[in-house]
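Predicted, not measured: the structure shown is a model, and the values here were computed from it. Read the numbers this way: they start at 1 and go in the same order the structure lists the ligands and their atoms.
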Amino acid sequence: MNINGIGMTSQRTRMRMIDRLREKGIKDEAVLAAVFAVPRHLFVDEALASRAYDDVSLPINFNQTISQPYIVARMIEVLRNAQPLGRVLEIGTGCGYQAAVLAQIATEVYSVERIAPLYERARKQLRELKLRNVSVRHADGCAGLPDIAPFDGIIMAAAAPALLPALREQLKVGGRMVLPVGMNEQHLYLIERDAHGFRETKLEAVKFVPLLMGKA
Ligand code: SAH
């Protein structure tokens, strides 16, 4: 199938998705521009490409999903807080979609995936898109990346059972972390680090796949 022939790359299809995100409350123009710039259809199977610009999560392999565009936009909006983003860590690369959106906004993106074939595929996809400021690693993200830390931002694409105090130590002072927390009931949390310590803010209810331990 010629993917260019089915209208997926058309400006109109993508702009409709951006309009949806605005309606749902995304205000940060830099985030909206970043979502607009990333060809989401290249991150899903061809059979699902016609739904790539709907605001829904879709299955990828290994029981995982590509995140809903609204959630990607919302998390990056909270992470960025209308300020430039320097070095960012993403935990849970999956297909690499959110990493590609982050790459439009942050100076450096490090993304960690525990499932080897997903890691391989995401790396290849991001390389084909010539996103040279993204580096993908096959590792257990629960440990963060001590050799690259500290980060201006940390974003998690899988739900942790608790707030992960070890990870937040890898934030710079002034840094922000956005993560889903909870088992059956999950909420997004924002963690901000300042000179005195950490401040936690509970945000909206969400639904993510669980954070798992170890490499696979
Ligand atoms: N960021 C993706 C969403 C991926 S879904 C997107 O843009 O659509 C969440 C991913 O987190 C899955 O691929 C899962 O394998 C991964 N994951 C879960 N626990 C992990 C861990 N401890 N370390 C690294 N990746 C993890």
Side-chain angles (χ1 to χ4, degrees), residues 17 21 31 34-45 48-49 51-79 88-106 109-126 128-129 131 134-149 151 153-168 170 177-183 186 188 206-216:
M17 183 166 92
L21 300 185
V31 172
V35 173
F36 182 74
V38 175
R40 190 168 183 254
H41 64 282
L42 299 181
F43 291 88
V44 298
D45 284 347
L48 293 172
R51 299 179 62 199
Y53 296 95
D54 293 348
D55 186 26
V56 291
S57 64
L58 293 168
I60 54 175
N61 294 330
F62 307 96
N63 277 331
Q64 303 302 327
T65 53
I66 179 171
S67 296
Q68 181 190 359
Y70 168 76
I71 285 294
V72 169
R74 172 76 177 130
M75 288 179 86
I76 299 176
E77 183 175 68
V78 172
L79 190 74
V88 174
L89 170 65
E90 179 194 31
I91 294 162
T93 315
C95 60
Y97 174 67
Q98 177 163 266
V101 177
L102 278 167
Q104 314 295 318
I105 289 183
V109 180
Y110 293 85
S111 185
V112 178
E113 172 56 53
R114 65 181 286 277
I115 299 178
L118 285 180
Y119 150 79
E120 296 284 356
R121 207 188 126 194
R123 203 175 58 152
K124 185 163 167 277
Q125 187 60 64
L126 294 165
E128 277 169 18
L129 288 172
L131 296 172
V134 187
S135 162
V136 187
R137 302 239 183 134
H138 180 219
D140 180 354
C142 296
L145 285 178
D147 55 324
I148 308 288
F151 297 95
I154 301 178
I155 196 161
M156 277 187 39
L163 278 171
L164 301 178
L167 256 184
R168 67 187 196 182
Q170 294 185 16
M177 176 167 171
V178 182
L179 74 166
V181 178
M183 307 287 270
Q186 302 171 2
L188 273 188
V206 285
K207 199 159 173 39
F208 277 83
V209 297
L211 186 77
L212 299 174
M213 306 280 282
K215 288 206 267 184

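With contacts defined as side-chain heavy-atom distances shorter than 4.5 Å, the pair Cys95/Gln64 does not qualify.
A distance-only check finds no donor-acceptor pair linking the side chain of Glu90 to the backbone of Gln98 [under 3.5 Å].
For Lys215, the salt bridge (charged side-chain N to carboxylate O under 4.0 Å, His left out) criterion is met by no residue, not counting sequence neighbours. Qualifying side chain to side chain contact (heavy atoms under 4.5 Å, CB included) partners for Ala116, counting only residues two or more places apart in sequence or in other chains: His138.
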Could you list each N/O atom of ligand 1 together with any protein N/O atom closer than 3.5 Å, one pair per line with the distance?
| from | atom 1 | to | atom 2 | distance (Å) |
| --- | --- | --- | --- | --- |
| ligand 1 | 1 (N) | Glu90 | OE2 | 3.0 |
| ligand 1 | 1 (N) | Gly92 | O | 2.9 |
| ligand 1 | 1 (N) | Thr93 | O | 3.4 |
| ligand 1 | 7 (O) | Gln98 | N | 2.7 |
| ligand 1 | 8 (O) | Ser67 | N | 2.7 |
| ligand 1 | 13 (O) | Glu113 | OE1 | 2.7 |
| ligand 1 | 13 (O) | Glu113 | OE2 | 3.4 |
| ligand 1 | 15 (O) | Glu113 | OE2 | 2.6 |
| ligand 1 | 19 (N) | Leu212 | N | 3.0 |
| ligand 1 | 22 (N) | Asp140 | OD1 | 2.9 |
| ligand 1 | 22 (N) | Leu212 | O | 2.6 |
| ligand 1 | 23 (N) | Gly141 | N | 2.8 |
| ligand 1 | 25 (N) | Arg114 | N | 3.4 |

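Using a 4.0 Å cut-off between a side-chain N of Lys or Arg and a carboxylate O of Asp or Glu, Asp55 and Arg40 do not qualify as a salt bridge.
Within the structure, salt bridge (Lys or Arg N to Asp or Glu O under 4.0 Å) contacts touching residues 158-168 (residues at least two apart or in different chains) are Arg168-Glu200.
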